[in-house]
Amino acid sequence: MIDHLIFQIYAPFTSWGEPAVGEVRHSNIIPSRSALLGLVSAALGIRRDDNQIDHFNQHYHFAIRPFIANNSWFRDFHTVQAPRANKKLVWYTRFDEIRQNPLELETVLSQREYYNDVYYQIVMSETENSPYSLTQIQQALLNPIFPLYAGRKNSPLSLPLSPILYQGTLSEAFIFADKHYQECHRQDPVIDKLVESTADEYYWEQTNQEDHFKIIKIQLRQDQPINRERWHFSCRQQFSGKLKGSE
């Protein structure tokens, strides 16, 4: 039997960043591994500049079931002013940065993509020598130290994560999560409509799941953090498919 930590994610807007080159910040509809690790580490109170963050990011597995039947996509437009890069100067506040040389300010244009009305069920499992147990993470998700977001800071969560522990296979964990959260949201017509919608595609990173899942697609995603300070990421395999017996 494998121990799992199951939790839900829902926010009005979600933006799960893809590798960003240029002015457009694309979003995947499926949360990236780095985003989920960031959410959990924020709940635990691990700061971005903490020495343990790189070790933490090498552990844990995530599997995702997105409820996307009612989603819509949109893009917003940003302008940001900043002075020319100068490594000899250190700015302690945004106000200091823009007032020093107003005539040297340059305007940066960017666009950001979002999805709305997407609900997720996440199944998390430990790897060997993980720095935190699933029980510790469950308590952190119930009482997070830092604010939690669905990708970007302008996307606060709209529901409690409601983490629960479950022991069994990955497929059994998803079946249990479905029944559990349907019961939890029975009295909420908005969320109940999302949870009751068709969601027959699953995403996971663990190998050897062919007995319980029919693999439809294998993708490479560049979202495994390897050095937080330098913003280095490596590629990993992401499997997607259907739960056997649910077709």
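Values in this document were obtained by computation on a predicted structure and should not be read as measured data.
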Visitor: Using every non-hydrogen atom in the two residues, find where Leu170 and His4 come nearest and quote the distance to one decimal.
Guide: N-NE2, 3.7 Å
Visitor: Whether the Asp223 and Ser34 side chains hold a donor-acceptor pair (N or O, under 3.5 Å, no angle test) is what I'd like checked.
Guide: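 Asp223 vs Ser34: no donor-acceptor pair found between side chains.
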Visitor: Would you check if Ser125 and Leu5 make a side-chain contact, meaning some heavy-atom pair closer than 4.5 Å?
Guide: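 With C-beta onward as the side chain, the pair stays apart.
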Visitor: Near Arg75 CZ, under 6.0 Å, is it more than 12 heavy atoms from other residues, nucleotides or ligands?
Guide: yes
Visitor: Got a sec, which residues hit side chain to side chain contact (heavy atoms under 4.5 Å, CB included) with His232, two or more places apart in sequence or on another chain?
Guide: Ile226, Asn227, Arg230
Visitor: Do Tyr115 and Ser27 have side chains that approach each other closer than 4.5 Å (heavy atoms only, starting at C-beta)?
Guide: yes
Visitor: Test Val40 against Tyr132 for side chain to side chain contact (heavy atoms under 4.5 Å, CB included), laying out the working first.
Guide: CA-CA 11 Å; Val40 173; Tyr132 294 89; over 6 Å; no
Visitor: Ignoring hydrogens and geometry beyond distance, is a side-chain donor-acceptor pair present between Ser133 and Thr135 at under 3.5 Å?
Guide: no
Visitor: For Arg221 versus Pro31, what's the shortest heavy-atom pair and its separation?
Guide: NH1-O, 3.4 Å
Visitor: Are the side chains of Ile64 and Trp204 in contact, using a 4.5 Å heavy-atom criterion?
Guide: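 Sidechains of Ile64 and Trp204: no contact.
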Visitor: Is the backbone N or O of Lys214 less than 3.5 Å from a side-chain atom of Gln209, with the two atoms forming a donor-acceptor pair by type?
Guide: no
Visitor: Are Ile2 and Phe174 connected into the same hydrophobic cluster when the rule is that any two of I, L, V, M, F, W, Y join if their side-chain heavy atoms are below 4.5 Å apart?
Guide: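 No, separate clusters.
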Visitor: For the backbone of Glu113 and the side chain of Ser15, can you confirm whether one donor and one acceptor N or O come within less than 3.5 Å of each other?
Guide: yes
Visitor: Are any non-hydrogen side-chain atoms of Asn70 and Tyr119 less than 4.5 angstrom apart?
Guide: no
Visitor: Out of curiosity, does Phe239 fall in the hydrophobic cluster containing Ile216 (side-chain heavy atoms, cut-off under 4.5 Å, transitive links)?
Guide: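 No.
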Visitor: Say whether, by atom type as modelled, one donor and one acceptor occur between the side chain of Asp192 and the main chain of Pro189 under 3.5 angstrom.
Guide: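 Checking the backbone N and O of Pro189 against the side chain of Asp192, no donor-acceptor pair under 3.5 Å is found.
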Visitor: Does a donor on one side chain and an acceptor on the other come within less than 3.5 Å for Ser110 and Arg112?
Guide: yes
Visitor: State whether the side chain of Glu172 and the backbone N or O of Thr169 hold a donor-acceptor pair below 3.5 Å, judged by distance alone.
Guide: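 Yes.
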Visitor: Is it the case that Tyr114 and Trp16 place a side-chain donor and acceptor less than 3.5 Å from each other?
Guide: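 Absent: no donor and acceptor within the cut-off.
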Visitor: Using side-chain heavy atoms (C-beta onward) and a distance below 4.5 Å, is Ser155 in contact with Pro12?
Guide: no
Visitor: Check the pair Asp200, Arg65 against salt bridge (Lys or Arg N to Asp or Glu O under 4.0 Å), reporting the backbone distance first and the verdict last.
Guide: CA-CA 8 Å; Asp200 56 2; Arg65 185 188 183 192; over 6 Å; no
Visitor: Please examine the side chains of Arg236 and Gln222, heavy atoms only from C-beta on, and report whether any two atoms are closer than 4.5 Å.
Guide: no
Visitor: Is the number of heavy atoms from other residues, nucleotides or ligands under 6.0 Å of Glu106 CD greater than 12?
Guide: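 Above 12, so yes.
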Visitor: Report yes or no: do Tyr10 and Asp117 form a side-chain donor-acceptor pair below 3.5 Å?
Guide: yes
Visitor: May I ask you to test the Ile6-Phe176 pair for a side-chain heavy-atom distance under 4.5 Å?
Guide: yes
Visitor: Indicate yes or no: at least one non-hydrogen side-chain atom of Phe213 is less than 4.5 angstrom from one of Lys242.
Guide: no
Visitor: Has the side chain of Thr127 got a donor or acceptor atom that lies under 3.5 Å from a matching backbone atom of Ser130?
Guide: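 Not at all, since once roles are kept as given, no pair shorter than 3.5 Å links the two residues.
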Visitor: Once rounded to the nearest 0.5 Å, what's the spacing between atom NE2 of His185 and atom CD of Glu196?
Guide: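 Separation between the atoms: 11.0 Å.
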Visitor: Can a donor-acceptor pair be found between the side chains of Asn57 and His59 at a distance below 3.5 Å?
Guide: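 No, His59 and Asn57 have no side-chain donor paired with an acceptor closer than 3.5 Å.
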Visitor: Just do the side chain to side chain contact (heavy atoms under 4.5 Å, CB included) check on Thr79 and Val108 with the steps written out, would you?
Guide: CA-CA 6 Å; Thr79 61; Val108 179; over 6 Å; no
Visitor: Under 3.5 Å, sequence neighbours excluded: what are the donor-acceptor pairs made by side chains of residues 137-150?
Guide:
from   : atom 1 : to     : atom 2 : distance (Å)
Gln138 : NE2    : Pro163 : O      : 3.2

Visitor: Inspect the surroundings of CZ in Phe77 and state if more than 12 heavy atoms from other residues, nucleotides or ligands are less than 6.0 Å away.
Guide: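 More than 12 within 6.0 Å, yes.
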Visitor: Please say yes or no: joined through hydrophobic side-chain contacts below 4.5 Å, possibly via intermediate residues, are Tyr202 and Leu220 part of one cluster?
Guide: no
Visitor: Kindly give the heavy-atom pair with the smallest separation between Leu44 and Phe56, and that separation in Å.
Guide: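 Of all heavy-atom pairs spanning Leu44 and Phe56, the closest is CD1-CE1, 3.6 Å.
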Visitor: Does the ring center of Phe74 lie less than 6.0 Å from the ring center of Phe13?
Guide: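 Ring centres of Phe13 and Phe74 closer than 6.0 Å.
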Visitor: Quick check against the 3.5 Å criterion: does Gln182 have a side-chain atom that pairs as donor or acceptor with the backbone of Lys179?
Guide: no
Visitor: Tell me which one of Gln238, Gln224, Gln237, His61 satisfies side-chain hydrogen bond (donor to acceptor under 3.5 Å, both in side chains) with Glu205.
Guide: His61
Visitor: Which heavy-atom pair separates Arg33 from Tyr60 by the least distance, and what is that distance?
Guide: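 So the two residues come closest at NH1-O, 2.8 Å.
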